[in-house]
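Data first, discussion second: the structure below is written as structure tokens.
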There are 6 protein chains.
Amino acid sequence: MNETLNDLTQPFRIASEPWYRPVADEIALFEAAHAARMPVMLKGPTGCGKTRFVEHMAWRLGKPLVTVACNEDMTASDLVGRFLLDAAGTRWQDGPLTFAARHGAICYLDEVVEARQDTTIAIHPLTDNRRILPLEKKGELLRAHPDFQLVISYNPGYQALMKDLKQSTKQRFGALDFTWPDHGVEVEIVAHETGIDPALAEKLVAIAERARNLKGHGLDEGISTRMLVHAGGLIAQGVAPLAACRMALVRPITDDPDMRDALDAAVTTYF
Amino acid sequence: MNETLNDLTQPFRIASEPWYRPVADEIALFEAAHAARMPVMLKGPTGCGKTRFVEHMAWRLGKPLVTVACNEDMTASDLVGRFLLDAAGTRWQDGPLTFAARHGAICYLDEVVEARQDTTIAIHPLTDNRRILPLEKKGELLRAHPDFQLVISYNPGYQALMKDLKQSTKQRFGALDFTWPDHGVEVEIVAHETGIDPALAEKLVAIAERARNLKGHGLDEGISTRMLVHAGGLIAQGVAPLAACRMALVRPITDDPDMRDALDAAVTTYF
Amino acid sequence: MNETLNDLTQPFRIASEPWYRPVADEIALFEAAHAARMPVMLKGPTGCGKTRFVEHMAWRLGKPLVTVACNEDMTASDLVGRFLLDAAGTRWQDGPLTFAARHGAICYLDEVVEARQDTTIAIHPLTDNRRILPLEKKGELLRAHPDFQLVISYNPGYQALMKDLKQSTKQRFGALDFTWPDHGVEVEIVAHETGIDPALAEKLVAIAERARNLKGHGLDEGISTRMLVHAGGLIAQGVAPLAACRMALVRPITDDPDMRDALDAAVTTYF
Amino acid sequence: MNETLNDLTQPFRIASEPWYRPVADEIALFEAAHAARMPVMLKGPTGCGKTRFVEHMAWRLGKPLVTVACNEDMTASDLVGRFLLDAAGTRWQDGPLTFAARHGAICYLDEVVEARQDTTIAIHPLTDNRRILPLEKKGELLRAHPDFQLVISYNPGYQALMKDLKQSTKQRFGALDFTWPDHGVEVEIVAHETGIDPALAEKLVAIAERARNLKGHGLDEGISTRMLVHAGGLIAQGVAPLAACRMALVRPITDDPDMRDALDAAVTTYF
Amino acid sequence: MNETLNDLTQPFRIASEPWYRPVADEIALFEAAHAARMPVMLKGPTGCGKTRFVEHMAWRLGKPLVTVACNEDMTASDLVGRFLLDAAGTRWQDGPLTFAARHGAICYLDEVVEARQDTTIAIHPLTDNRRILPLEKKGELLRAHPDFQLVISYNPGYQALMKDLKQSTKQRFGALDFTWPDHGVEVEIVAHETGIDPALAEKLVAIAERARNLKGHGLDEGISTRMLVHAGGLIAQGVAPLAACRMALVRPITDDPDMRDALDAAVTTYF
Amino acid sequence: MNETLNDLTQPFRIASEPWYRPVADEIALFEAAHAARMPVMLKGPTGCGKTRFVEHMAWRLGKPLVTVACNEDMTASDLVGRFLLDAAGTRWQDGPLTFAARHGAICYLDEVVEARQDTTIAIHPLTDNRRILPLEKKGELLRAHPDFQLVISYNPGYQALMKDLKQSTKQRFGALDFTWPDHGVEVEIVAHETGIDPALAEKLVAIAERARNLKGHGLDEGISTRMLVHAGGLIAQGVAPLAACRMALVRPITDDPDMRDALDAAVTTYF
């Protein structure tokens, strides 16, 4: 914490505390893992607060945070770096993983299971006791900064599909489970994020809880906390609750007429 | 609205009001979403007016509009930007998404479901409360201009096929449904766009309504408002209505002899 | 027609009238579509005269014609343009579609269904009332020249296979059907193109008509007008009609012994 | 023939007469097709003399010959040309098809069915009456030299497999069938090419004729004339006929023990 | 050992002895293989100590160690080298395999079965008595340094899947089997690596042994020694053993509720 | 043999005689084929001595030898050559095939069936009487040096799988079969290569002969001569024969417990 600030990492530092409402002992466990520089995997559905948690922890630990939204077309070079052509020839540019490893940031690979296997293999030497990153194209063997830590997120809901992390990758991480917050906590979050009345927020949470019971019964995923914040935000802009719920909670997640009717009915129960 | 005009966005500003005939409360809902900077998804069949609506809203809100026709070969770099080789070495060129985020435009990704997943993942950090766009290749962490808003279009008719947006993408958007306008509204649109007589326009609309009932019964999609405007345009050029309808309404959408006969019969009922 | 000639389009202007024998009202319909700047789709089997028709119309309308033979490896960049590396750095080169849109040519995409989807999506903004072409890589929003018109060809015979145009593409075009000319017209065409005696040409047409009845009964496509012109050309070079028909009409389209016998028998009926 | 020689085509001219033994009227038919500048397709199994025939005709007609061995990884650019980076920037290099079209050579695409579809589509504008080649990347519309002619070869034996030429390609060519020469002609060829005694050559031909009867009964293709020339060549080097036939006729075409025994037995019948 | 140190290999030398607990005669066998410069294949599950063993042997033999984490997108060029563009033109950069072969390092290809086949074929000429590496792109025929040795790792657990090494690759290697250490040895390792009490370490090992029995019965792989070290490390940071085991042993390897319950129960038996 | 030595081929000349033990008349047949410049295909399982034979013949004939280990990612450009970017622009670099054809070397394409089809098609013009190599990208028509000869190797064991050479490729080669040497010859080879006692070598050969009988009964390939040399080499380093056989003969080729027991039992019969 009393480390000399590195200018390059400045844009990646979190200026003010990201509001985060803990649900269990996840902050203490992450701190212990960080102290041990153990790589951490955050598991849970989309929109439940994993990204916010990492931002909060980076702020709490006073470390810069480098976030990468993974996708199936991302190559190892996108993570590690590449040569760019310059007026004076080629110039090496660190990728986000290399940047983080070199400067002691927390590197957060969001939805890592989307990435191609070469990107997940590329993190292996950084995630065992060697803590190195061979930059083969550059001929450099980078030893990670002592503060560097790797964090990945993972949505087990996709696990049933073809994509999954390899066991040899999974075993390199400690894992923290995330799920929807408890009723009271979620009301608190929605009210805090949108400024709407807690009573109104409670209605939105109640609608979400009904929808989450439909997951696997015609709905791929439930209504997330993020979507509740969207609905609350529209209401705060003066939109009628019914129209706000339709636009922010129902229309985005299903086009099935029966499912829409069921969700619209759930909404009209409350508004 | 009283913002300082940025020269670079000038070509993307809509000079005169695009004529748009509202069908419900879509203008008010979009304005609220824009005020909340909530990403918006427009759902509906091809040719029903989604693109026109976005143009109208960009004009109404006084914002520049950057439109991208998505396709399955578009890469994240096409959206975000890339280095170009210049006399003095490499030079970064913002892609349309980056341009819009940097200069506060509305960015409209048309038929986003056609795009490869990496392009849809690339918009994630711009569509949650972070509103950032990591330009990993450039090493820049772009924070979106306060006026930036993302709009995408989506044709649920394709949803039955293999392509669909991921839940973690869908949940980041509020959604507005679009469909064919009501009878009177569509007559008004066709007459306005082509200059033909409303009585004639009404006949064209009636033909379209018959064809739309055949959707799913041998016809992939019905006859769209755009096609009616085509037929009206030919008639305005002096083509006989029967020939105009064949060329603009029937021949483009089916090669099946029985379906052609059915549609031709529908046409001859009116002309 | 009285427009100032643009030097760049000179190589794309048709110097002398391409001989074309109309079969119905296709010339008038195309002229109306051109006046309305409506995109046109020409449907019909290979070798029936679609390309010749477009050349004739370009000559008749006094517009330059840019033709692109589409294929499954053609990218959007091949149509739209790309940066080339030059002594002074990169230099933008318009692709044929951009060239045509910029200079007011008719752009003819031959066998467009062969192209990859990204190329067909690239034409969307040019084929609705916006008439724009976003050159994303160049950062230019090209507004089409008032004279620009897009024409595509399409062989419905392939439609049964996996490739088809998307509905959202088809609906942007008016469509004209082409098929084999009537008996007398086809005789006239073959005689005109090869210089052989009309009586001889009539025999060739008769053979073709027999073969066309075999389409779908062991023959993928019938004998086209183009092939008759080939046979007539060989005869005009002094080749015996029997040998000319074998080389130009039978051998190219089938290796099946029974089908060859059937076609050879049809030939010997006449020669 | 009395044309001014173009230095660039010099390496592609055939200096001395390639020995060719005609089997039917193929020379006269090719000459007529050349006079009409009709594209020609040579059909027949591998090793029966198609390439030799084209070389002979190029020599006989006094035209340069540009041969391209097609393969499934060949792109249209490999045929048409591309920009190369030079000290002074990019420089266009004609591909073999463009070279032939520009300088009036016969362009021979060997085993064209192996090529990707984009290469076969690229030849379309050169094979109808337009005789043009749009060099889209260069922005040039090349009109073919009056002497240019396109010749392709095609092995119908592969036709049963997935690869086939499109009808719209086939119909652009006149076709000549090739097959194994008659007994006496083949003896003459083998003796001429290897210098062995005609009696010995006759034995080799007899072995080949037996093997050709096994085609489709465990043997994909029969023993070609080329293989007989190989065997004769080994014998001319002093190898015993039995060993020469095993090495040149049997071992190359099958690893199946029973088929090897059958072929070896056929060989021992004669030697 | 008394060789002159090559500066370039300095970063690849192991400075201090990596702690390694032998389980059988693997050290002697590796030493003999190294003396014979025989390529060695290490077989065994992930996390059982193969990488540590190679590091130990490189230290023991006084040789530099070049490690490459293989992946399915790695090309032969990534291993062998490529030309980079420099101010003065192109410059060759040795890949890790070439570097090791040139300077006499041990080259360790981790999880080689993940690599594309071209990378495994590229090692063939280095793994027979020729000990050469043709750098075809550079036009150099590199003869390996006398000290060069190739080591690969291989997880037979994946063998059942589609990926496997070719027989012609396998036969070029001597093979050493690795598996989980015996009970006492593993306790020793966990205690040594984490500093926790051997009694505590024994509990962790006991939990792992239970889990390993579930392999193939709902668990893809057992709990590895590496994971035990993770759990011990969290405990050493003050995390309660139960929470540490959940985070480091259970959550990372399964999301199946029943399997989680079974593993959690195994954990609570001990803590 | 009395040719002027070309410096460029020096690194590709075999300095001292590679020891080769002939098994039949393969040396005489290869010499005749070389005299006739007939392309040769060596067929046989991995590790039976094909590569050594080619090296021996290159030494015996006094020709340079250019060896290429083929793989499925090798392109025709890797064989033929490409342009490299240099300080003065692009510079052509001959690939190994072009180098060999230009300078009169024997070019040996090892495991050619692994290569993509475009590489095998690229050799066609070099393997018929034309003996040319069109360097299309360079615009050069290379005529092969009179001493050039092409040799390929081919493992029929893979033939049952999807990969096979095309008939039009196979027919261009004479073929020589290779298999495991006779008992006495193989003992001689193992003793010569490792320096171990012939009695000991005979035991190793006996083990291999037993294993070869298991081919197709749970073992993909038998134990090769190369593997026996590995085992002998370990024994010569002082490793106990039992351990040497396990490491060099059994562990590399199977992970199946039953097969391992069977092979281990075969080993213990002798040691």
Side-chain angles (χ1 to χ4, degrees), chain D residues 8 11-12 18 45-47 51-52 55 66-74 78-79 82 84-89 91 93-96 99 110-111 114 155 157-158 193-194 220-221 223-224 226-227 229-231 233-239 243-244 246-255, chain F residues 25 28-41 43 75-77 83 85-90 116-130 132-134 136-141 143 154 156-157 159-160 164-177:
Chain D
L8 284 171
F12 297 97
T46 185
T51 299
R52 179 71 67 95
E55 295 196 312
V66 174
T67 299
V68 182
C70 297
N71 65 69
E72 67 185 355
D73 296 299
M74 199 171 67
D78 291 328
L79 271 190
R82 53 167 58 83
L84 295 177
L85 189 62
D86 212 337
R91 176 177 57 85
Q93 167 128 16
D94 279 351
F99 180 89
D110 193 13
E111 301 198 46
E114 297 297 329
N155 185 342
Y158 291 117
E193 294 283 305
T194 62
D220 290 337
E221 294 261 337
I223 290 175
S224 66
R226 174 187 290 138
M227 295 173 80
V229 172
H230 270 178
L234 284 176
I235 293 169
Q237 290 288 339
V239 173
R246 279 199 187 145
M247 184 174 184
L249 304 186
V250 182
R251 295 296 171 271
I253 56 169
T254 182
D255 298 306
Chain F
D25 57 350
L29 286 173
F30 191 97
E31 285 178 334
H34 185 74
R37 297 304 183 256
M38 187 169 99
V40 174
M41 175 195 298
K43 291 186 170 187
T75 64
S77 293
F83 280 100
L85 188 62
D86 212 337
T90 48
R116 297 200 306 183
Q117 217 184 73
D118 70 329
T119 61
T120 52
I121 299 278
I123 62 180
H124 280 197
L126 272 173
T127 50
D128 55 30
N129 71 304
R130 293 174 292 169
I132 57 172
L133 182 58
E136 280 135 20
K137 288 178 183 160
K138 201 189 167 201
E140 178 187 349
L141 190 75
R143 295 181 193 280
Y154 178 69
Q159 199 174 9
D164 195 5
L165 288 181
K166 294 177 26 166
Q167 280 290 336
S168 63
T169 303
K170 285 181 180 175
Q171 299 205 355
R172 293 161 182 278
F173 291 85
L176 291 174
D177 281 350

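Heavy-atom basis, side chains included; hydrogens, waters and symmetry copies ignored. Not measured: the values here are computed from a predicted model.
For the residue pair D/Thr46 and F/Gln171, no side-chain donor N or O sits within less than 3.5 Å of a side-chain acceptor on the partner.
Side chains of F/Met38 and D/Gln237 form no contact here, defined as non-hydrogen atoms less than 4.5 Å apart. In this structure, the side chains of D/Leu79 and D/Val68 come closer than 4.5 Å at one or more pairs of heavy atoms. Contact of the F/Glu140 side chain with the D/Pro11 side chain is not registered, since no non-hydrogen atoms from C-beta on lie closer than 4.5 Å. At least one side-chain heavy atom of D/Met227 sits less than 4.5 Å from a side-chain heavy atom of D/Ile253.
Most heavy-atom pairs under 4.5 Å with chain F, from the set D/Arg246, D/Arg52, D/Glu193: that is D/Arg52. Ranking D/Pro18, D/Pro96, D/Gly47, D/Gly233 against chain F, the residue ahead of the rest is D/Pro96, based on heavy-atom pairs under 4.5 Å. Ranked by heavy-atom pairs under 4.5 Å with chain D, the list F/Thr119, F/Val40, F/Asp25, F/Leu29 is led by F/Leu29. Taking chain F as the reference chain and counting heavy-atom pairs below 4.5 Å, the highest number among D/Ala244, D/Ser224, D/Gly95 is found for D/Ser224. Contacts with chain F were tallied for D/Ala69, D/Gly238, D/Pro45, D/Ala248; D/Ala69 has the most, counting heavy-atom pairs under 4.5 Å. Top candidate by heavy-atom pairs under 4.5 Å with chain D, chosen from F/Asp128, F/Asp177, F/Asn129, is F/Asp177.
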How far apart are the C-alpha atoms of F/Arg130 and D/Thr67, what are their side-chain angles, what is the distance that settles it, and do they pass the side chain to side chain contact (heavy atoms under 4.5 Å, CB included) test?
CA-CA 11 Å; F/Arg130 293 174 292 169; D/Thr67 299; 3.4 Å; yes
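Residue F/Arg172 touches chain D through both its backbone and its side chain, counting heavy-atom pairs closer than 4.5 Å. Both the backbone and the side chain of D/Pro252 come within contact range of chain F, with heavy atoms under 4.5 Å apart. Neither the backbone nor the side chain of D/Val250 comes within contact range of chain F; no heavy atoms are under 4.5 Å apart. Only the side chain of D/Glu55 comes within contact range of chain F, judged by heavy atoms closer than 4.5 Å. In this structure, the portion of D/Thr51 lying under 4.5 Å from any heavy atom of chain F is its side chain and not its backbone.
Aromatic ring centroids of F/Tyr154 and F/Phe173 lie 6.0 Å or more apart.
A donor-acceptor contact shorter than 3.5 Å is absent between the side chain of F/Thr169 and the backbone of F/Leu165.
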